[in-house]
Amino acid sequence: GEGTTSSKNQLPLLSVRYYPNPMSNGQQLRVEGMEPGAYQLRLTTMAGSKIWEVRSTVGAAGEIQRYDLPPLPSGAYALQIISEHFLPISGIITIQNY
């Protein structure tokens, strides 16, 4: 068939929503839209230093995953959601402590 070679190496992209954003210390990070499977979530500074990492298994589509983040100073952080079956997702989480 035509067009199959290029799509062989292309992983599908998940449509994931994470909130609250901005968030403050003590709030749980919630992630929606992850398909069943194993994931690795990673939070780094904008310079790339790893702050937090967790392995997560999603049992059913539509589940809201909840994560406790470590206490962090206010600022912007990079969130990565990595899995074998989907393209890695990266986004920015802003921590605002009042």
Side-chain angles (χ1 to χ4, degrees):
E2 288 178 21
T4 50
T5 50
S6 63
S7 62
K8 223 175 240 172
N9 305 330
Q10 286 180 350
L11 293 170
L13 184 62
L14 275 176
S15 173
V16 163
R17 200 166 80 86
Y18 56 89
Y19 59 92
N21 191 23
M23 63 188 292
S24 54
N25 285 331
Q27 287 185 303
Q28 280 189 321
L29 175 68
R30 291 175 170 82
V31 184
E32 277 180 18
M34 290 158 76
E35 295 288 332
Y39 294 84
Q40 201 168 8
L41 283 82
R42 188 181 296 153
L43 199 66
T44 65
T45 64
M46 299 311 282
S49 305
K50 187 162 67 174
I51 298 169
W52 172 83
E53 190 172 53
V54 69
R55 289 183 183 279
S56 181
T57 302
V58 177
E63 279 183 5
I64 298 175
Q65 308 300 313
R66 293 177 169 82
Y67 303 100
D68 292 311
L69 298 182
L72 296 167
S74 297
Y77 298 87
L79 173 69
Q80 289 179 306
I81 302 176
I82 301 152
S83 89
E84 289 179 18
H85 307 293
F86 298 94
L87 287 172
I89 293 167
S90 52
I92 305 294
I93 288 182
T94 303
I95 304 288
Q96 276 182 358
N97 298 311
Y98 301 102

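Everything quoted here is computed from the prediction, not taken from an experiment.
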Check: Tyr18 side chain, Ile92 main-chain N or O, donor-acceptor pair, under 3.5 Å: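 Yes; judged by distance alone, with no hydrogens or angles, the pair exists.
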N/O donor-acceptor pair under 3.5 Å between Asn97 side chain and Ser24 backbone: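 Flag not set: sc Asn97 to bb Ser24 has no pair under 3.5 Å.
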Trace of the side chain to side chain contact (heavy atoms under 4.5 Å, CB included) decision for Ile64 with Tyr19: CA-CA 11 Å; Ile64 298 175; Tyr19 59 92; 3.8 Å; yes
For the residue pair [X] and [Y], establish whether any side-chain heavy-atom pair is separated by less than 4.5 Å.
X: Leu41; Y: Gln65; value: no
X: Leu14; Y: Leu87; value: no
X: Met23; Y: Ile95; value: yes
X: Leu43; Y: Leu72; value: yes
X: Glu63; Y: Met34; value: no

Indicate the atoms forming the closest heavy-atom contact of [X] with [Y], along with that distance.
X: Ala76; Y: Met46; answer: O-CG, 3.4 Å
X: Pro88; Y: Ile82; answer: CB-CG1, 4.4 Å
X: Gly59; Y: Pro36; answer: O-CB, 3.8 Å

Parallel, tilted or perpendicular, as decided by the 30° and 60° cut-offs, for the rings of Tyr67 and Trp52: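 Because their plane-to-plane angle is over 60°, the rings of Trp52 and Tyr67 count as perpendicular.
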Separation between [atom1] of [X] and [atom2] of [Y], rounded to the nearest 0.5 Å:
X: Arg66; Y: Ser56; atom1: CZ; atom2: OG; answer: 12.5 Å
X: Gln28; Y: Leu69; atom1: CD; atom2: CG; answer: 9.0 Å
X: Asn21; Y: Arg30; atom1: CG; atom2: CZ; answer: 13.5 Å
X: His85; Y: Tyr39; atom1: NE2; atom2: OH; answer: 8.5 Å
X: Tyr77; Y: Ser49; atom1: OH; atom2: OG; answer: 11.0 Å

Ile93-Ile51 co-clustered via ILVMFWY side chain contacts under 4.5 Å: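 Yes: a chain of side-chain contacts under 4.5 Å links Ile93 to Ile51.
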